[in-house]
Amino acid sequence: MSDSAPLELRAVERRYRSEAGELPVLRGADLALAPGEIVALVAPSGTGKSTLLHLAGLLERPDGGEVFVAGEAAGTLSDDRRTAIRRGVIGFVYQFHHLLPEFTAVENIVLPQMAAGTPRAAAEARARELLQAFGLQGREQHRPGKLSGGEQQRVAIARALANRPRVLLADEPTGNLDVATADRVFGELLQAARGSGLSALIATHNPDLAARMDRVVTLREGRVVPA
């Protein structure tokens with residue numbers, strides 16, 4: 001697989017340790033995302049989907065193998081460098097929006113940009129542009145508690161795209177929404193991802209949503225295989 005892949009996992013292993021002993025979750029998992037490719041990860045609960053996403057997003061370190069982000073091997077990088085890659089190259093969307101409740105929609109999108117070094121004025125302009133793209137004009141100054149579930153998740157997706165990442169990782173991004181809202185929000189996520197040309201790995205239990213992506217993979221015995 002090519003080092004030009006925005007995201008690549010090579011022979012990744014992950015084991016969790018407890019009083020009962022070691023529990024192997026990933027056993028030599030391989031996965032590469034081509035530029036602009038959107039891949040669905042569909043697998044039963046407990047098979048390691050979240051673990052795979054955490055490793056891909058540099059939130060955990062593998063016990064074996066290597067994770068490459070934009071061609072850079074990340075396994076032995078310092079925590080500061082891994083944080084810099086997460087801020088500048090990777091966007092995250094979770095099932096629950098994790099918006100900061102004391103900040104407005106605009107501020108929730110501005111903050112990660114400023115953390116990455118973007119001046120406030122430019123960060124606010126980018127935030128408003130994204131909110132408009134997601135149909136949230138007029139909601140910019142609302143705090144999360146004043147937004148519907150679908151609106152909150154739209155803000156969370158906009159926040160994930162704010163720093164123009166090359167890779168988007170999403171863990172059940174519409175799993176907390178009703179069917180109609182989930183379908184609409186997911187369509188907007190796909191449109192935004194394709195419009196940005198980024199690569200995405202999206203975990204979902206929904207086969208209809210998975211079918212709208214470029215490729216579907218699953219986890220079997222700790223390895224990534226075609227679904």
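Computed from a predicted structure; not experimentally measured.
- Without hydrogens or angle criteria, T174 side chain to L177 main chain gives no donor-acceptor distance under 3.5 Å.
- In this structure, R61 CZ and L77 CG are separated by 7.0 Å, a value rounded to the nearest 0.5 Å.
- For the pair V93 and A156, the tightest heavy-atom approach, listed with the atom from each and the gap, is CG2-O, 4.5 Å.
- At least one side-chain heavy atom of L201 sits under 4.5 Å from a side-chain heavy atom of L31.
- Side-chain heavy atoms closer than 4.5 Å link hydrophobic residues (I, L, V, M, F, W, Y) into clusters, and following such links, even through other members, never connects V42 to F186.
- A donor-acceptor pair is defined here as one N or O able to donate and one able to accept, closer than 3.5 Å; no such pair exists between the side chain of T204 and the backbone of E172.
- Put simply, L169 and M213 are part of two different groups of oily side chains (I, L, V, M, F, W, Y) that touch within less than 4.5 Å, one to the next.
- Both Y94 and V167 sit in one connected hydrophobic cluster of ILVMFWY residues. Membership requires side-chain heavy atoms under 4.5 Å apart, directly or through other members.
- Distance alone, capped at 3.5 Å, is enough to place a donor-acceptor pair between the K49 side chain and the A43 backbone.
- Side-chain atoms of D63 and R17, non-hydrogen and from C-beta on, do get closer than 4.5 Å to each other.
- With hydrogens and angles ignored, the 3.5 Å screen pairs no side-chain donor or acceptor of R159 with any backbone N or O of G91.
- The closest donor-acceptor contact from the side chain of Q141 to the backbone of T104 lies at 3.5 Å or more, if one exists at all.
- In terms of modelled atom types and a separation under 3.5 Å, the side chain of R82 and the main chain of A74 share a donor-acceptor contact.
- Between T118 and the choices R126, Q113, E124, the side chain to side chain contact (heavy atoms under 4.5 Å, CB included) rule is met once, by Q113.
- Summarising the geometry, atom CZ belonging to R27 is positioned 14.5 Å from atom CZ belonging to R14; distances are rounded to the nearest 0.5 Å.
- Atom CD of Q153 sits about 8.0 Å away from atom CG of L99, to the nearest 0.5 Å.
- Taking CZ of R194 as the reference point, atom CD of E37 lies at 10.0 Å (rounded to 0.5 Å).
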Walk me through it: do D183 and R212 pass the test side chain to side chain contact (heavy atoms under 4.5 Å, CB included)? CA-CA 11 Å; D183 184 73; R212 295 163 67 179; 2.9 Å; yes
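- With hydrogens and angles disregarded, a donor-acceptor distance shorter than 3.5 Å links the side chain of N163 to the backbone of R87.
- Considering only heavy atoms from C-beta on, L168 comes within 4.5 Å of L189 through its side chain.
- Residues L59 and L26 share a single hydrophobic cluster, defined by chaining ILVMFWY side chains whose heavy atoms lie under 4.5 Å apart.
- Considering every non-hydrogen atom in both V216 and A210, the closest pair reads CG2-O, 3.6 Å.
- Side-chain contact between P144 and V155 is absent, with no heavy-atom pair separated by less than 4.5 Å.
- The shortest side-chain heavy-atom distance between P24 and R15 falls under the 4.5 Å cut-off.
- The two residues L55 and P62 have their closest heavy-atom pair at CD2-N, 3.5 Å.
- Linking Ile, Leu, Val, Met, Phe, Trp and Tyr residues whenever their side-chain heavy atoms come within less than 4.5 Å leaves L33 and I38 in two separate clusters.
- Figure legend: cation-pi geometry between R86 and F92 absent, as NZ or CZ is not positioned both under 6.0 Å from the six-membered ring centre and within 45° of its axis.
- Across A34 and S199, no two heavy atoms sit closer than the pair O-OG, 2.7 Å.
- Here CD1 of I109 is found 6.0 Å from CG of L130. Values are rounded to the nearest 0.5 Å.
- Summarising the local packing, CD of Q137 is surrounded by more than 12 heavy atoms from other residues, nucleotides or ligands at distances under 6.0 Å.
- Counting only heavy atoms from C-beta outward, the side chains of D214 and V39 never approach each other to under 4.5 Å.
- In terms of heavy atoms, G145 sits closest to Q152 at N-NE2, 4.3 Å.
- No salt bridge links D30 with R10; every basic N to acidic carboxylate O contact stays at or beyond 4.0 Å.
- Using a cut-off of 4.0 Å between Lys/Arg side-chain N and Asp/Glu carboxylate O, R184 and D178 are scored as not salt-bridged.
- Here the closest non-hydrogen pair linking G222 and A29 is O-CB, 3.8 Å.
- Contact check for I157 versus P173: no side-chain heavy atoms found under the 4.5 Å cut-off.
- For E129, the CD atom counts as densely surrounded, since its 6.0 Å shell holds more than 12 non-hydrogen atoms of other residues, nucleotides or ligands.
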Derivation and outcome, side chain to side chain contact (heavy atoms under 4.5 Å, CB included), residues I85 and E72: CA-CA 10 Å; I85 292 173; E72 184 172 3; 3.8 Å; yes
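- Between L161 and L198, some side-chain heavy-atom pair lies under the 4.5 Å cut-off.
- Taken from CD in E151 to CZ in R139, the straight-line distance is 4.0 Å, to the nearest 0.5 Å.
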